[in-house]
Amino acid sequence: MTNPNDPYNQGRPQQPGYPPQAPPLNESELRRPARPKSVDTAYLLWLVAAGVGVVANLIGFLTAEAVARETLKEFNLGSTAVDVQPSYGSLIFSLAIAVVWVLVVMQMRKGANWARILLTVLGGIAAILGLIGLLAIGILFAVGFLGVLQALLGLVQLVAIVGAIVFMFKSDSNYYFKAA
């Protein structure tokens with residue numbers, strides 16, 4: 001028989017005037033929820049965006065001089081004989097950023113809400129800059145095949161980032177991040 005002051009037989013006396021203690025959690029309540037498909041889709045979209053960004057930066061490394069020449073010609077800024085050399089430092093920096101990006105994406109997949117917030121803020125900034133970058137799409141198309149490829153990769157990256165942000169905030173994703 002149970003004691004009215006201890007309905008769950010937890011052995012501790014119930015203090016008068018307080019409701020009974022909550023029952024202990026069962027095994028299913030202690031486990032984390034299964035990762036929803038929307039989080040996996042966001043994860044894959046972030047990886048696609050990072051990979052496309054690395055490839056676009058490599059192509060940008062190869063087309064830097066042609067883009068500079070085309071920009072000067074487009075805006076009538078003088079000589080077309082430009083001595084622009086691609087920067088190895090910027091290439092190494094962009095690769096390091098991509099590595100950190102992938103590490104944060106992996107934390108997001110594990111349920112870290114701070115990673116979801118960081119990716120949302122930085123992804124939003126990247127999306128805004130990508131939209132501004134669309135203004136230069138004509139210059140990239142004028143460079144030739146590599147310029148066209150760089151412009152198309154920029155569009156793919158923009159769509160992947162926006163899609164990843166949307167999938168990170170679907171209702172099943174919200175439940176997953178709150179429970180983690």
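Residue numbers count from 1 along this sequence.
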Under 4.5 Å between any side-chain heavy atoms of [X] and [Y], yes or no?
X: V102; Y: L47; answer: yes
X: D40; Y: R35; answer: yes
X: L153; Y: I59; answer: yes
X: L155; Y: I137; answer: yes

Pairwise distance [atom1]([X]) to [atom2]([Y]) - rounded to 0.5 angstrom:
X: F145; Y: T63; atom1: CZ; atom2: OG1; answer: 12.0 Å
X: N113; Y: M168; atom1: CG; atom2: CE; answer: 9.5 Å
X: S94; Y: F61; atom1: OG; atom2: CZ; answer: 10.0 Å
X: L122; Y: L129; atom1: CG; atom2: CG; answer: 10.5 Å
X: S173; Y: K37; atom1: OG; atom2: NZ; answer: 12.5 Å
X: I97; Y: N57; atom1: CD1; atom2: CG; answer: 10.5 Å

Would [X] and [Y] show up in the same hydrophobic cluster when neighbours are defined by side-chain heavy atoms closer than 4.5 Å?
X: V52; Y: V100; answer: no
X: L44; Y: F169; answer: yes
X: V159; Y: L149; answer: no
X: L134; Y: F141; answer: yes
X: L45; Y: V166; answer: no

Ring centroids only, cut at 6.0 angstrom: are Y43 and F167 within range, meaning strictly under it?
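Judged by ring-centre distance (under 6.0 Å), Y43 and F167 do not meet the cut-off.
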Examine distances only and state if a side-chain atom of T120 and a backbone atom of R116 form a donor-acceptor pair shorter than 3.5 Å.
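The answer is yes, because a donor-acceptor pair under 3.5 Å joins these two groups.
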Strictly distance-based, threshold 3.5 Å: is any side-chain N or O of Q107 a donor or acceptor partner for the main-chain N or O of A112?
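No.
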Would you please test L158 and L131 for side chain to side chain contact (heavy atoms under 4.5 Å, CB included) and show each step?
CA-CA 8 Å; L158 177 63; L131 289 172; 3.7 Å; yes
Output, in order, the C-alpha distance, side-chain angles, deciding distance and verdict of side chain to side chain contact (heavy atoms under 4.5 Å, CB included) for V148 and L140.
CA-CA 6 Å; V148 170; L140 289 174; over 6 Å; no
I'd like to know whether [atom1] of [X] has more than 12 heavy-atom contacts from other residues, nucleotides or ligands below 6.0 angstrom.
X: F93; atom1: CZ; value: no
X: Y175; atom1: OH; value: no
X: Y176; atom1: OH; value: yes

Any idea how W46 and W101 line up, ring-wise: parallel (<30°), tilted (30 to 60°), or perpendicular (>60°)?
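The arrangement is perpendicular - the two ring planes meet at more than 60°.
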Any idea which heavy atoms bring [X] and [Y] closest together, and the distance?
X: G53; Y: Q157; result: CA-NE2, 3.5 Å
X: I165; Y: G124; result: CD1-N, 3.8 Å
X: A49; Y: I161; result: CB-CG1, 3.8 Å

V55 and Q150: CA distance, side-chain angles, deciding distance, side chain to side chain contact (heavy atoms under 4.5 Å, CB included) verdict
CA-CA 8 Å; V55 172; Q150 186 178 0; over 6 Å; no
